[in-house]
J.: 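First the structure, then my questions, so here it is.
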Amino acid sequence: MYASGEGPFPVFIYYHGGGWVLGDLDIVDVPLRSITNSSNALVVSVDYRLAPENKFPTAPEDCYQALQWVASNISSYNGDRNRIAVGGDSAGGNLATVVTQMAKQREGPFISYQVLIYPATQFSFHTQSHLENGENYFLTKSSMIYFAKQYISEKEKNHPYASPLLAPDLTSLPPALIITAEYDPLRDEGEAYANRLKESGVPVQLERYEGMIHGFFWLSGIMDQGKKAIDQIGSILKEHFSNSISHI
């Protein structure tokens with residue numbers, strides 16, 4: 001997706017949701033086009049390999065390799081490798097959090113910002129929001145258990161690249177916008193991750209969308225709050241990138 005005007009343009013790399021099992025580029029095409037227009041950034045949508053054919057850690061490694069490719073090649077598309085943000089929704093939000101940790105531990109590429117939309121941050125299904133919202137609100141607790149069985153083995157569930165909430169060190173990660181939904185089983189783990197980032201000295205803006213269910217970001221055509229979230233992301237990215245210095 002291309003932004004209009006003169007570059008080099010900042011870059012937003014996006015990982016779609018779908019429980020690591022479902023989903024594709026088409027699911028997020030409409031909201032990402034809106035974010036491209038409002039942020040004036042290049043948006044790179046990543047089609048990582050899915051479970052059960054490709055189990056953990058295939059997806060996070062694919063997503064990290066996509067970041068590496070962007071950092072190495074985006075200048076050919078009039079993009080700025082020094083102004084890269086990552087983001088995703090649900091399982092994609094999980095992958096975005098993990099990619100920031102990989103980039104820190106592997107000493108690059110540089111990520112300047114992260115946008116996490118109702119991210120899955122652990123494989124424990126006993127939070128209050130799972131108990132309150134585990135049925136009848138689109139995403140169910142039983143669905144999350146199914147997705148987990150397809151994606152990852154029991155012995156790997158606590159690995160920081162699977163459950164980023166359990167990572168021992170969250171310092172020096174990129175600033176974050178974290179969006180949660182009131183009636184979402186994943187609400188509490190997303191907010192717990194926001195709190196851990198704050199405790200680690202990472203600037204975080206946490207927004208809970210009241211009255212919303214998991215998946216509302218995809219439904220801007222019928223949910224005003226979905227459009228509001230898209231507009232908020234675009235606006236925050238534009239502000240962040242405009243305050244960042246390009247070195248190209």
Side-chain angles (χ1 to χ4, degrees), residues 14-24 26-28 30-31 48 50-56 59-60 87-98 115-166 176-197 204 206-230 232-233:
Y14 196 85
Y15 309 114
H16 66 76
W20 308 273
V21 175
L22 306 171
D24 55 28
D26 291 338
I27 285 180
V28 290
V30 170
Y48 54 89
L50 300 174
E53 293 82 3
N54 301 283
K55 293 185 179 292
F56 176 86
D89 60 280
S90 193
N94 168 276
L95 294 169
T97 70
V98 169
V115 176
L116 312 178
I117 305 165
Y118 34 74
T121 65
Q122 64 175 343
F123 285 92
S124 172
F125 308 117
H126 303 294
T127 63
Q128 189 63 33
S129 59
H130 268 290
L131 295 175
E132 294 174 354
N133 308 317
E135 296 180 5
N136 303 318
Y137 292 108
F138 181 60
L139 178 67
T140 64
K141 179 177 177 179
S142 60
S143 294
M144 286 302 301
I145 292 172
Y146 169 81
F147 290 143
K149 287 180 178 178
Q150 305 306 305
Y151 177 57
I152 196 166
S153 68
E154 283 293 329
K155 67 179 182 180
E156 294 172 311
K157 285 183 178 180
N158 291 335
H159 192 290
Y161 289 175
S163 294
L165 181 62
L166 304 181
L177 168 65
I178 298 180
I179 290 174
T180 62
E182 181 180 8
Y183 296 112
D184 182 356
L186 305 187
R187 181 196 67 209
D188 289 354
E189 62 198 76
E191 295 178 1
Y193 191 72
N195 290 332
R196 276 215 58 205
L197 287 176
V204 177
L206 173 62
E207 297 281 349
R208 180 192 289 189
Y209 276 70
E210 302 294 340
M212 290 295 99
I213 60 172
H214 191 90
F216 80 97
F217 172 74
W218 294 349
L219 302 173
S220 60
I222 60 173
M223 289 186 173
D224 290 343
Q225 291 292 80
K227 185 178 186 305
K228 180 181 175 182
I230 291 168
Q232 180 182 24
I233 293 166

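What you see is a predicted model, and the numbers here were worked out from it, not measured in a lab.
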J.: For Ser153, which of Lys157, Glu156, Lys155 qualifies under side chain to side chain donor-acceptor pair (under 3.5 Å)?
T.: Glu156

J.: Would you say the side chain of Leu186 lies within less than 4.5 Å of the side chain of Met144, judging by non-hydrogen atoms?
T.: yes

J.: First locate atom CG of Leu165, then atom CG of Asn158, and finally report the distance between them rounded to the nearest 0.5 Å.
T.: 10.5 Å

J.: Rounded to the nearest 0.5 Å, what's the gap from CD1 on Ile213 to CD on Gln225? Could you check?
T.: 12.5 Å

J.: For His16, is there any backbone N or O sitting under 3.5 Å from a side-chain donor or acceptor partner on Tyr48?
T.: yes

J.: Minimum heavy-atom separation for Gly17 to Ser90, with atom names?
T.: CA-CB, 4.4 Å

J.: Do any N or O atoms from the side chain of Asn54 and from the backbone of Ala59 form a donor-acceptor pair under 3.5 angstrom?
T.: no

J.: Side-chain contact test, heavy atoms from C-beta onward, threshold under 4.5 Å: evaluate it for Pro185 versus Asn133 and give yes or no.
T.: yes

J.: Walk me through whether Leu139 and Phe147 qualify under side-chain contact (heavy atoms from CB on, under 4.5 Å).
T.: CA-CA 11 Å; Leu139 178 67; Phe147 290 143; 4.3 Å; yes

J.: Show the nearest heavy-atom pair for residues His214 and Phe138, with the distance to one decimal.
T.: O-CD2, 3.0 Å

J.: For Phe216 and Ile179: C-alpha separation, side-chain torsions, deciding distance, then whether side-chain contact (heavy atoms from CB on, under 4.5 Å) applies.
T.: CA-CA 11 Å; Phe216 80 97; Ile179 290 174; 4.0 Å; yes

J.: Using the side-chain hydrogen bond (donor to acceptor under 3.5 Å, both in side chains) rule, take Tyr183 and Asn136 through it: C-alpha gap first, then chi angles, then the decisive distance, then the call.
T.: CA-CA 10 Å; Tyr183 296 112; Asn136 303 318; over 6 Å; no

J.: Run through Val115, Ile233, Asp89 and flag the one making a side chain to side chain contact (heavy atoms under 4.5 Å, CB included) with Tyr14.
T.: Asp89

J.: As an exercise, state the distance from CD of Glu207 to NZ of Lys228, rounded to the nearest 0.5 Å.
T.: 7.5 Å

J.: Between Asn94 and Ala162 (side chain of the first, backbone of the second, donor and acceptor by atom type, cut-off under 3.5 Å), is there such a pair?
T.: yes

J.: Answer yes or no: is there a donor N or O on one side and an acceptor on the other, between the side chain of Lys227 and the main chain of Gly221, under 3.5 Å?
T.: no

J.: Where do Gly19 and Ala91 come nearest, in terms of heavy atoms and distance?
T.: N-CB, 3.6 Å

J.: Rounded to the nearest 0.5 Å, how far does CD of Glu182 lie from OH of Tyr209?
T.: 14.0 Å

J.: Determine, stepwise, if the pair Leu177 / Gln232 fulfils side-chain contact (heavy atoms from CB on, under 4.5 Å).
T.: CA-CA 10 Å; Leu177 168 65; Gln232 180 182 24; 4.2 Å; yes

J.: State plainly whether the residues Arg187 and Glu132 are in salt-bridge range, i.e. N to O under 4.0 Å.
T.: yes

J.: Is any side-chain heavy atom of Glu191 closer than 4.5 Å to a side-chain heavy atom of Ile178?
T.: no

J.: Report, as yes or no, whether the 6.0 Å neighbourhood of atom CD on Glu210 holds more than 12 heavy atoms from other residues, nucleotides or ligands.
T.: yes

J.: Can you give me the closest heavy-atom contact between Ser142 and Thr140, atom names plus distance?
T.: OG-OG1, 3.1 Å

J.: Between CG of Leu206 and CG of Asn195, what distance do you get to the nearest 0.5 Å?
T.: 7.0 Å

J.: Which heavy atom of Ser129 sits nearest a heavy atom of Asp188, and at what distance?
T.: N-OD2, 2.8 Å

J.: Write down the atom of Ala176, the atom of Leu197, and the distance for their closest heavy-atom approach.
T.: CB-CD1, 4.1 Å

J.: Does the side chain of Leu95 reach to within under 4.5 Å of the side chain of Trp20, using non-hydrogen atoms?
T.: yes

J.: Is there a side-chain contact (heavy atoms from CB on, under 4.5 Å) between Trp218 and Val28? Walk through the geometry before answering.
T.: CA-CA 7 Å; Trp218 294 349; Val28 290; 3.6 Å; yes

J.: Nearest 0.5 angstrom please: Gln150 CD to Leu22 CG, how far?
T.: 9.5 Å

J.: Can I get a per-line list of side-chain donor-acceptor pairs under 3.5 Å for residues 116-125, giving both atom names and the distance, sequence neighbours left out?
T.:
unit_1 : atom_1 : unit_2 : atom_2 : d
Tyr118 : OH     : Gly215 : N      : 3.3
Tyr118 : OH     : Phe217 : N      : 3.4
Thr121 : OG1    : Glu189 : O      : 2.9

